[in-house]
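The residues of the chain are indexed from 1 along the displayed sequence. Just follow the structure's listing: the first ligand is 1, and inside any ligand the first atom is 1. These figures come from a predicted structure and were not determined experimentally.
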Amino acid sequence: MTRRHLLSSADLARDEVEAILTTAQSMHDVQRREVKKLPTLRGRTIINLFFEDSTRTRSSFEIAGKWMSADTINIAAKGSSASKGESLRDTVKTICAMSVDALVIRHNASGACHQVAQWVDASVINAGDGTHEHPTQALLDAYTLRGRLGGSLDGRHVVIVGDLAHSRVFRSNVITLGRLGARVTVVAPPTLMPSGIGAWAARDGFATAWDLDDVLDAASPGDRPDAVMMLRVQRERMSGGFFPTEREYTAGYGLTRERLAHLYAVVPDIPILHPGPMNRGLEISAEAADATSSVILEQVSAGVAVRMAVLYHLLAGSDAPSEKAEAS
Ligand code: NCD
């Protein structure tokens, strides 16, 4: 794989997704070692430039870089000259004048990472741009699902539920899961469906629905969900009223205790995913978040391995990671 940037999930063909997930598997083994260090990215400098808040994504990119011996530095917009009015172009050009090898960027403007990639020589990795995409999240979700569903996602039915209008996680996931041969159904109230989703669903081959219980209760075994991914209601991106009350949203679209019990009766032990951060009691009940089939913390753990794999494929040479590990 000879690619410089990871800007969109659409950049990755199926064999590239498979290559990253295979590498992530070796990286996951490193996580289980007592000494978590590979020399792979020694001498490389990675800047995490985050203009939006983040717990999981930023820390896992930082840990991933550190475990591969890169020098990783975090810059948050609040503590940078961006808060003094510096333009994004000036900020990234200034950082790149210090000879950095990669910029991991999260920004509230959709398309910001594509724009930055045109301004700098460093590798640019999209860690979430507005409501557009979040490609490493989709990779870690696929990695987690493959682990739970026995390897291949071909023909598996993944149901994604929630605030689709504002979700970059959903946008990247329909692409990556589609690449891996999964069937995807997305469910949201009409007000939280992105406009024009019909044409887009037809093009990318996913289904849309408004009635969550109908989808979860699929009559034919072939339609039964194999996994359900709940998405956060993104209040910070909402300017108006998208649903009458929170209680009504939960009743129609939350993974409540009652809905979970019903779902388990149809598909016992169905994996439950959520990219975090969760609004417990709104889109997901505590019973579902903490259920034995919940893989929410596995997603977090996979996030480090997958981000190590992405950094490896973008920044390292062509040697297999296991050989590099042994060379240490
Ligand atoms: C997501 C994000 O920031 O897009 N979270 C994450 O990266 N784990 C989803 C969200 O904020 O709801």
Side-chain angles (χ1 to χ4, degrees), residues 6-9 24 48-65 74 76-78 104-114 125-145 158 160-177 186-189 192-194 227-239 242-243 246 249-250 253-255 271-284 288-289 294-311:
L6 178 55
L7 304 174
S8 158
S9 296
N48 290 328
L49 182 57
F50 277 60
F51 291 88
E52 268 187 17
D53 294 342
S54 167
T55 302
R56 283 149 271 262
T57 307
R58 194 181 60 188
S59 52
S60 62
F61 265 112
E62 184 178 2
I63 292 170
N74 292 324
K78 279 177 202 135
V104 178
I105 300 185
R106 170 167 286 192
H107 199 280
N108 56 7
S110 302
C113 300
H114 282 82
I125 301 172
N126 183 354
D129 62 328
T131 59
H132 177 230
E133 279 214 44
H134 193 354
T136 57
Q137 178 71 41
L139 289 166
L140 74 88
D141 290 338
Y143 181 91
T144 307
L145 280 170
V158 181
I160 303 178
V161 189
D163 182 358
L164 303 176
H166 302 105
S167 177
R168 52 198 180 205
V169 174
F170 137 71
R171 283 168 177 76
S172 283
N173 255 295
V174 289
I175 299 171
T176 300
L177 290 172
V186 300
V187 188
L192 289 174
M193 280 281 179
V228 58
M229 180 186 297
M230 305 307 296
L231 298 174
R232 184 172 66 90
V233 174
Q234 302 200 19
R235 293 188 184 95
E236 78 280 16
R237 294 190 208 277
M238 292 183 182
S239 47
F242 285 83
F243 42 85
E246 294 198 344
Y249 181 86
T250 306
Y253 296 93
L255 193 51
I272 299 163
L273 295 92
H274 191 303
M278 293 183 273
N279 293 307
R280 281 177 185 253
L282 179 53
E283 74 267 0
I284 190 165
S294 158
V295 294
I296 295 167
L297 290 177
E298 279 176 41
Q299 289 173 271
V300 176
S301 161
V304 179
V306 161
R307 286 169 180 130
M308 287 172 85
V310 166
L311 292 172

For [atom], what's the nearest protein heavy-atom neighbour? Residue, atom name and distance, please.
atom: atom 7 (O) of ligand 1; answer: His134 NE2, 2.8 Å
atom: atom 6 (C) of ligand 1; answer: Gly276 O, 3.6 Å
atom: atom 8 (N) of ligand 1; answer: Pro275 O, 2.9 Å
atom: atom 11 (O) of ligand 1; answer: Arg232 NH2, 2.9 Å
atom: atom 3 (O) of ligand 1; answer: Arg168 NH2, 2.9 Å

Does the N or O separation between Pro277 and ligand 1 drop below 3.5 Å for any pair? no
Which bit of Gln137 is near ligand 1, meaning a heavy atom under 4.0 Å away: side chain, backbone, both or neither? side chain
If you count the atoms of ligand 1 from 1 in the order shown, which ones are under 4.0 Å from a heavy atom of Arg106? 2 (C), 3 (O), 7 (O)
At less than 4.0 angstrom from any non-hydrogen atom of Val169, what atoms of ligand 1 do you find? 1 (C), 4 (O), 9 (C)
Taking all heavy atoms of Ser110 and all of Thr131, pick out the closest pair and write down the distance. OG-N, 3.1 Å
Are Glu133 and Ser172 linked by a side-chain donor-acceptor pair shorter than 3.5 Å? yes
When you compare the side chains of Thr136 and Arg307, does any donor N or O come within less than 3.5 Å of an acceptor on the partner? yes
Look only at the side chain of Gln299 and the backbone of His274, and say whether a donor-acceptor pair between them is shorter than 3.5 Å. yes
Fit a plane to each ring of Phe242 and His166, take the angle between them on a 0 to 90° scale, and name the class: parallel (under 30°), tilted (30 to 60°) or perpendicular (over 60°). perpendicular
Taking C-beta and beyond as the side chain, do Glu52 and Arg106 meet within less than 4.5 Å on heavy atoms? yes
Work out whether the distance between some heavy atom of Glu52 and some atom of ligand 1 is less than 4.0 Å. no
Please determine whether the number of non-hydrogen atoms from other residues, nucleotides or ligands lying under 6.0 Å from atom CG of Asp53 exceeds 12. no
